[in-house]
Structure formats: structure tokens, C-alpha cells
**Q** 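Okay, here's the structure, questions in a sec.
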Amino acid sequence: MSDDLRSGYAGGVFCAARPDTAPVQFANKESESPMRLSRFPLSTTKETPADAEIVSHQLMLRAGMIRKLAAGLYTWMPLGLRVLRRVEAIVREEMNRSGAVELLMPAVQPGELWEETGRWDKFGPLLLRFKDRHERNFCYGPTHEEVITDLVRREIRSYKQLPLNLYQIQTKFRDETRPRFGVMRAREFLMKDAYSFHLDHDSLAETYQAMYDTYSRIFERTGLHFRPVQADSGAIGGSVSHEFHVLADSGEDAIVFSDGSDYAANVELAPTLPPAQPRPAAGADMTAVPTPGVHTMDELTACLDVPLECCLKTLLVRGAETPVVALLLRGDHDLNELKAEKHPEVAAPLTMADEAAIRQAAGCGPGSVGPVGLDVPLVADHAATVMADFVCGANRDGEHLTGVNWGRDVGEPQAADLRDADAGDPSPDGKGTLALARGIEVGHIFQLGTTYSEAMDATVLDENGASKPVAMGCYGIGVSRIVAAAIEQNHDANGMIWPEAIAPFTVAVVGINMNKSEKVATAAERIYQALLDAGVDALLDDRDARPGVKFADMELIGIPHRIAIGERGLDQGTVEYRGRRDTDNQDVAVDDVVDHLLARLPQ
RNA sequence: CGGGGUGUAGCUCAGUCUGGUAGAGCACUGCCUUCGGGAGGCAGGGGUCGUAGGUUCAAAUCCUGCCACCCCGACCA
């Protein structure tokens, strides 16, 4: 392994010496290093493996970065590992700089700790459980709240030892129902998880902010486009929470952000505001129209030739007090399940009514349900309450109503925020308009409070000698996922395009026919060595392969810079430079090429 | 977990419907030619056709069970 990667493990010492955020490169002093491709096990393929769905998975397999062992389990090949280690090094450096302290906990955890917090039962099949030879319960850690809280309750006695922020970078296992997308959603994955401990909430808020800033710095350094967004704290618990998303069209999460402020949130969390304009007056009479075979909103708009936003969507769900509750949405809006579940009329967890319950309540099957004459609680999204002359189900199979109006044809419904925010909605903070983007969740920070410390009795004495449960925060980064996310965000038809900071190599030195031409071999070796001496992480493609093969490979594996050395150029005293995103070669004098390259590297 | 699909050479796939000697391309080995954008020729190596049963003179092919993997849904770094 190269010196620069090893240096990442030097941790705090390294950080103290380098207070800036620049990627650091060290000269490679070994003359016979594995950075010669003839001795590096690169195995690329032209064909895309059949079971790879998304670009990052396909390219990682084609480039030989990873190999699958079983569902959701991957070997990191030497090339892939170089990238993983670079991401890891950035995370470690910035965590250390923030004042967090690294430790390493066991991956295997005793079940009894999980029973203390009740998560042995709550976590479900995601938790990989097994027994040791004494028939005692264990699990492979999907996260480490229990272990760290157990550690802290044994080690920390006094408020004087707080605040404390401990982190590790470690392999986790979550027995996902559906592992997919390669390393993006693997069962086994590399995660940085940090846990902070505080006497009071103010201290927690301070560290939380420090972690927010640290995460922003980490993702800036990786060179990826990202966005912190307000998030739901989900199963881990707690109140305040932010997710960090790498922006990519293939992202699994939808996020919204304002063009007029720094407001940004996961769509599942973003509130929508009641419309400012009042409901238009009724202008049409209510009329029943036949709609045979219509079951979906799209079929309805096609059948009656009306816009989606003039249709009312009626969803029946199990009620808290009543068998069913009707949730009413404008046809073009999507139900937000988190919001619906929190509504007092609605039973939690949110459960859609089954066909029998729908028939019982509405007298018809799903697809023809509407609020008119429906004797169940009506809860309408704000946007639905200002509709007029709308189309909805008639509660008779194969029939819909047009020209329906609130107050006149149906009682006024309760108004609530039930839908996903959409592009064009006003920002919830009143400043600007929301835009929509897709994101890949690569980081998540939480203020946990005392949930775990109370359950596990992790207390310290405060300045008055009183015993208090410690307040906790937890902070995760999906290290291996970042690698995949980087590819999703940065690739073209020829392959990956690594940001400098996490590229497996900075520059590829390609000798053209260097096994036949003494001249080319000499020049290539000299340039390669000069780059190493200048501290550049160079890769020498000294394979006995045709130029086309070498170029295609270097592009596939996404090396940011390429220097091609051939007899043709050498006769003129030049070599060729090409950036990974460039479309043309640039002739550079042999003696200038190292400086030429250095000028193109980030400081 | 529910619904759908696929298992044949290291990879991508044909062959299965209609049972009868195991195939192609890429990759790999050797030789020759070629030599600045994934070269060409010749000669090779490599498969108990996922697995266990069943039907049959005969099974990659038909039937049954099991297993693995992939896709679509609800969860997560």
C-alpha cells in the first residue's frame, strides 16, 4: 500500500501537522511498487454483468473494483480498496480535527445489551442473530448505540469527563430484505459511526453543530455535490436530525430545497403550506358519469379528458377511532405516509384499508371511492380543500362524479398536511420556492437525547453531585456507499470520472508500445519516476497491450489525468496530456510535462 | 416478507416450446501476422447444464421438491 494511504491512519498527529483541507500526497519511495500495472491485478471487462442495475454497480464490476461473494457481500479488490481507503482517510482526518476520538468496538455484540434497550425485539430481522456454543444470544452489529453506552456507563463518572465524542470506522452488517445496487445497499458495509455524550442539551447541540460542520467539510473534500437536509429521525429515535445527500439522478431519496433560503429537507419531512388563494366559487353542477374499468388516476384523466389536478384522490386507511378514514388528495399529489400516520384520526402504523373494508365503507371497490355520501371521517390535504368543480369517485363501481364542490355536495372536510412537497411549492420558511432533487443518503446525524442513557442507566454526577443521565448524539457516514455515490454522480459513456481527492491514482502514465520501443520505455519510466518524486500518485501502464486497450482501461477506471508517451511524439520532443473530462489531447514538451500536470492539481 | 423472473464455460448469452453426440462471442494458453483508440488467423484448455428426486430406451430439454441469484413493493449509512 502506498505511503499516502498509510498516512491516513496516523490520525491526530497527521491532522495537527496539516491544518488545511487539501488532499495530501506523499512521494512513493519504493522503486518496485505495485503502481506498475504489469504487476497490479487489474481486471476489466467490456461486458456488463447481467445482474448489475445501476451505473455505479456496473462500472465497479467492469473496472474490477469489487467482486460479489454472495447477496450483499462484496470483496474490495485492490483498485476499489484504494478508493475506499481514500474516502476513509478523509473521514478520519476530519473527525480527528473536530475533536472526536477514534476507538474500535467489537462487531459482534451480546444480545443482552440489546434486550436492555428493547431493541432485541424491536430491530426485527434486520439484525443478524446467532448463538455461541453456550447457546447465548449474539448479533453482528448493525450499529453500536448499546455497546458505546455500555462502555460509557462503566468509564465515565463525572461531568468533568464530558463532553466526549467517540467514533469508529468499522464493518457493519444489516440483513436487508433486499440488498441491491452493489455496494450502495450491501448487507455488509463500511461505516463511520460516532457517538457523543453530554451533561446537558446545550452541550449536545454544540457538538451536533460541530458534526454538521465536519460532515460538510468531509463531503466538500471528497469533491462531490452534496446537500444537508432536515430529516426524520426514524427508528433510531431522538428529535433533531439531518441527512447528508450526494446529489445524483439515480438517488433513491427525494429531497427539496428552497431557491430563496438555505432550507432543505427530505420530502418525507418537508411541510406544505395551505394555499394562499381562496377556493374558487362552484361553477358546475354535480353530474354522475360512467367510467367503466377506471381504477387509477391516470385512467380517470384519460377517460374523462380532465387534468390530473382537477381530480380528487380518495384513499381509505384504518382509523384510530373508526374502522376507516378517508384521506383526500389532489390527483397530482402523493400521499406522505409519515404525515398521514401522525394525524390523530389515522391509526398508526399507517395501513391501507383492504378491499373488504372499502366495500363495507363505500359500497364499491377501490378505484371508484369518493367523499360524496361517504360516512367516514374526511381528512383532506390543504390543497384538496381549495378545489372546486372537481372529479371524484361516485362510490358506485364504474362511475365517477364531475362538478363536485365542498360545502354544497359534500361536507367541509378537516384540513391537514398530508402530501409530499413538490417542485414549485412555496418554501415552508416563507422564503423562496422549492425545487426537487434526487439524493443518495451518505450521512445522517441525530440528537438522541437520553433515550439510550436512561434505558441503560448511563449517568454522571453533575456539579451538585446529582446523578443525571447523559445526553447523546450519534453521527453516521456510509463510507463504502460514498464510493458508489461518487460514481453515480461522476461518470460518462467511457467509465468513471473520479474527483481528485478520492481517485485510486491521480495520473496514468501510458507507454505506447513501450515493450517494443526502448525510447518510449525510457521516457515513460523517467516521467513516472519524476511524478513520484514530485509527490504525485502516479500509475504506470507498462502492460504489453495495444494502445486502445490501455486508453479504454484508464478511462474506465476513471484516472483524472493521463500522460501518453509514444515514439511519434517523442520524435518531436513531446508527450500527450489529457484530462479525464477533456475531449482532445494536448501536446506538451517532455521536459515540461511534470510541471504541466502539477499546475492542474488542486493545491 | 409478499409478487414476478432467472439458473448452461471466468463473463454475456443461444440451445429447453417439439427429449437423441454441449454451442457462440468475449476472456484464457501457444504460434504467426498486426502495432496510436478495446486487432486478425491457426491451434488449444475449460461445462457432473444450480441441486435432489421422478418420468423415459434416452433428460440441459418433461414433472416435483429444495437452493441460489435478480427485479417490483415497505426499511436504512
Side-chain angles (χ1 to χ4, degrees), chain A residues 43-54 57-58 61-62 64 67-73 87 91 122-127 142-144 169-194 215 231-236 243-246 252-253 266 268 337-338 341 349-352 439-446 474-485 494-495 510-517 520 543-556 562 564-570 575-576 578 585:
Chain A
S43 59
T44 58
T45 62
K46 275 188 282 189
E47 290 181 291
T48 302
D51 56 1
E53 192 71 6
I54 59 170
H57 190 195
Q58 294 172 347
L61 289 170
R62 282 190 52 204
R67 288 292 180 242
K68 184 168 80 171
L69 177 64
L73 302 178
V87 174
V91 171
K122 251 191 295 182
F123 222 84
L126 206 60
L127 190 62
T143 178
H144 279 69
I169 297 177
Q170 195 208 35
T171 299
K172 301 284 196 258
F173 190 95
R174 294 187 186 175
D175 200 356
E176 297 277 348
T177 8
R178 187 143 96 85
R180 63 190 132 159
F181 303 151
V183 125
M184 184 80 86
R185 182 187 294 269
R187 292 196 291 179
E188 194 180 284
F189 59 99
L190 190 65
M191 175 168 159
K192 186 283 301 176
D193 49 326
Y215 274 38
D232 183 61
S233 48
I236 296 187
E243 291 167 352
F244 287 75
H245 285 264
V246 167
E252 287 191 272
D253 291 298
N266 194 307
E268 64 183 13
E337 301 192 5
L338 270 178
E341 190 170 289
L350 183 76
T351 314
M352 301 304 284
I440 299 163
E441 185 188 353
V442 289
H444 202 155
I445 58 178
F446 303 81
C474 81
Y475 319 94
I477 288 183
V479 177
S480 45
R481 180 179 280 183
I482 288 174
V483 176
N494 295 325
V510 178
I512 291 166
N513 297 323
M514 74 181 278
N515 294 286
K516 308 233 167 41
S517 163
V520 170
R543 294 176 296 175
D544 185 13
R546 302 164 69 86
V549 173
K550 294 187 176 191
F551 293 151
D553 273 350
M554 293 306 102
E555 281 158 16
L556 174 62
R562 182 180 84 196
I565 297 138
E567 279 214 11
R568 213 166 63 189
L570 287 179
V575 295
E576 289 157 20
R578 182 156 170 174
N585 294 331

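Letters A, B, ... are given to chains in the order of the sequence lines, protein chains preceding strands, and every chain is numbered from 1.
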**Q** By the 4.0 Å heavy-atom rule, please label A/Arg187 as base, sugar-phosphate, or nothing.
**A**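 Touches nothing.
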
**Q** Does the structure show a Watson-Crick or G-U wobble partner for B/U21, both distances under 3.5 Å? Name it, or say none.
**A** none

**Q** Which is true for A/Ala194 with a 4.0 Å heavy-atom rule: it touches a base, it touches only sugar-phosphate, or it touches nothing?
**A** nothing

**Q** Please determine whether any donor N or O and acceptor N or O are separated by less than 3.5 Å between the side chain of A/Arg185 and the base of B/C75.
**A**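 Result: at least one qualifying N/O pair found.
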
**Q** If every non-hydrogen atom of A/Met554 is compared with every non-hydrogen atom of A/Val510, which pair is closest and at what distance?
**A**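 Where A/Met554 meets A/Val510 most closely, the heavy atoms are CG-CG2, 4.0 Å.
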
**Q** Taking only the C1' atom of each, what is the distance from B/A60 to B/U18 in whole angstrom?
**A** 15 Å

**Q** Which part of the nucleic acid does A/Glu53 contact within heavy-atom distance under 4.0 Å: base, sugar-phosphate only, or nothing?
**A**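 Touches sugar-phosphate only.
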
**Q** Give none if B/U16 has no partner; otherwise give the nucleotide forming a Watson-Crick or G-U wobble pair with it, both distances under 3.5 Å.
**A**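 Base partner found: none.
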
**Q** For nucleotides 11-15 of chain B, list the nitrogen or oxygen atoms of the protein found under 3.5 Å from its nitrogen or oxygen atoms, one pair per line.
**A**
{"from": "B/C11", "atom 1": "O2", "to": "A/Glu47", "atom 2": "OE1", "distance (Å)": "3.4"}
{"from": "B/U12", "atom 1": "OP1", "to": "A/Ala50", "atom 2": "N", "distance (Å)": "2.8"}

**Q** Determine the Euclidean distance between corresponding C1' atoms of B/C70 and B/C31; express it in Å to zero decimal places.
**A**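 The same atom, C1', in both gives a distance of 42 Å.
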
**Q** Rounded to whole angstrom, note down the C1' distance from B/G47 over to B/U12.
**A** 16 Å

**Q** Please check if the side chain of A/Lys192 supplies one atom and the backbone of A/Gly443 the other of a donor-acceptor pair under 3.5 Å.
**A** no

**Q** Expressed as a whole number of Å, how far does the C1' atom of B/G36 sit from that of B/C76?
**A**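 Each nucleotide's C1' atom is 48 Å from the other's.
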
**Q** Roughly, in whole Å, what's the span from CD in A/Glu441 to P in B/C76?
**A**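 Result: 9 Å.
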
**Q** Taking only side-chain nitrogens and oxygens of A/Lys68, does any of them come within less than 4.0 Å of OP1 or OP2 of B/C70?
**A**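 A/Lys68 to B/C70 OP1/OP2: side-chain N or O found under 4.0 Å.
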
**Q** Between A/Asp175 and A/Pro125, which heavy-atom pair has the shortest distance, and what is it?
**A**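 Answer, listing the atom of A/Asp175 first, then A/Pro125: CB-O, 3.5 Å.
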
**Q** Can you tell if the side chain of A/Glu268 reaches within under 4.5 Å of the side chain of A/Glu337, non-hydrogen atoms only?
**A** no

**Q** May I have the distance from A/Asn266 (atom CG) to B/A77 (atom C1'), rounded to whole angstrom?
**A**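 To the nearest whole Å, that distance equals 14 Å.
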
**Q** When you measure only distances, ignoring hydrogens and angles, does the side chain of A/Arg543 come within 3.5 Å of the base of B/G38 through a donor and an acceptor?
**A**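 There is none.
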
**Q** Can you measure A/Phe189 atom CZ to B/C75 atom P for me and round it to whole angstrom units?
**A**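 So the CZ-P distance, A/Phe189 to B/C75, works out to 17 Å.
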
**Q** What integer distance in Å separates A/Met184:CE from B/C75:P?
**A** 18 Å

**Q** For every nucleotide of nucleotides 31-36 of chain B, 5' to 3': is a protein heavy atom under 4.0 Å from its base (B), only from its sugar-phosphate (S), or from neither (-)?
**A** ---BBB

**Q** Between the base of B/C71 and the side chain of A/Arg178, is there a donor-acceptor distance below 3.5 Å?
**A** no

**Q** Taking the P atom of each, how far is B/A59 from B/C13, in whole Å?
**A**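 Each nucleotide's P atom is 29 Å from the other's.
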
**Q** For residues 45-54 of chain A, which side-chain N or O atoms pair as donor and acceptor with protein atoms under 3.5 Å away, sequence neighbours left out?
**A**
{"from": "A/Thr45", "atom 1": "OG1", "to": "A/Glu47", "atom 2": "O", "distance (Å)": "3.0"}
{"from": "A/Asp51", "atom 1": "OD2", "to": "A/Lys68", "atom 2": "NZ", "distance (Å)": "3.4"}

**Q** Identify whether any heavy atom of A/Glu176 sits under 4.0 Å from a base atom; if not, whether one sits that close to sugar-phosphate; answer base, sugar-phosphate or nothing.
**A**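 Base: the residue A/Glu176, judged by heavy atoms under 4.0 Å, touches a nucleobase.
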
**Q** Looking at A/Gly476 and A/Met191, what are the two nearest heavy atoms and their distance?
**A** CA-CE, 4.1 Å

**Q** For A/Asp193, which contact category applies under a 4.0 Å heavy-atom criterion: base, sugar-phosphate, or nothing?
**A** nothing

**Q** Establish, yes or no, whether the cationic atom of A/Arg562 lies under 6.0 Å from the six-membered ring centre of A/Phe551 and within 45° of the ring axis.
**A**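 Relative to the ring axis of A/Phe551, which defines the angle, A/Arg562 lies inside both limits.
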
**Q** Separation of A/Asp553 atom CG from B/A39 atom P, in whole Å?
**A** 11 Å

**Q** Roughly, in whole Å, what's the span from CD in A/Gln170 to P in B/A77?
**A** 15 Å

**Q** Rounding to the closest angstrom, what is the interatomic distance between B/A22 and B/U16 at atom C1'?
**A** 13 Å

**Q** Using the P atom on both, measure B/U8 against B/A14 and round to a whole Å.
**A**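 It works out to 11 Å between them.
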
**Q** By the 4.0 Å heavy-atom rule, please label A/Arg62 as base, sugar-phosphate, or nothing.
**A** base

**Q** Using a heavy-atom cut-off of under 4.0 Å over every strand shown, decide if A/Val549 touches base, sugar-phosphate, or nothing.
**A**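 Answer is base: heavy atoms of A/Val549 come under 4.0 Å of a base.
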
**Q** Any donor-acceptor pair under 3.5 Å between the side chain of A/Thr177 and the base of B/A74?
**A**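 Yes, the side chain and the base share a sub-3.5 Å donor-acceptor pair.
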
**Q** Measuring only between side-chain heavy atoms, which start at C-beta, is A/Glu176 closer than 4.5 Å to A/Leu126?
**A**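 A/Glu176 vs A/Leu126: side chains touch.
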
**Q** Does any N or O in the side chain of A/Arg174 come within less than 3.5 Å of the main-chain N or O of A/Leu127, such that one atom is a donor and the other an acceptor?
**A**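 Flag not set: sc A/Arg174 to bb A/Leu127 has no pair under 3.5 Å.
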
**Q** Taking atom P of B/C76 as reference, at what distance in whole Å does atom NZ of A/Lys122 sit?
**A**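 In whole Å, B/C76 P lies 13 Å from A/Lys122 NZ.
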
**Q** Could you check how far CG of A/Asp175 sits from C1' of B/A74, rounded to whole Å?
**A**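 My rounded result for the distance is 16 Å.
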
**Q** Name the pairing partner of B/U6, where a pair is Watson-Crick or G-U wobble with both distances under 3.5 Å, or state none.
**A**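 By the stated definition (distances under 3.5 Å), B/A68 pairs with B/U6.
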
**Q** Write down the distance separating the P atoms in B/A68 and B/C62, rounded off to the nearest Å.
**A** 23 Å

**Q** In Watson-Crick or G-U wobble terms, both distances under 3.5 Å, what is the partner of B/G36?
**A** none

**Q** Quick check: do A/Val520 and A/Asn513 have side-chain heavy atoms less than 4.5 Å from each other?
**A**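 Side chain of A/Val520 against side chain of A/Asn513, heavy atoms only: no contact under 4.5 Å found.
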
**Q** So which heavy atom on A/Pro142 is nearest to which on A/Phe123, and how close?
**A** CG-CE2, 3.8 Å

**Q** With both distances kept under 3.5 Å, what pairs with B/A43, Watson-Crick or G-U wobble?
**A**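 Per the H-bond distance test, B/U29.
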
**Q** Measure the spacing between CZ of A/Arg481 and CZ of A/Arg185 and express it to the nearest 0.5 Å.
**A**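 If I round to the nearest 0.5 Å, the distance is 6.0 Å.
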
**Q** Hey, which of these two, A/Asn494 or A/Ile477, hits RNA chain B nearer its 5' end, going by closest nucleotide?
**A**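 Comparing both residues, the 5'-ward one is A/Asn494.
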
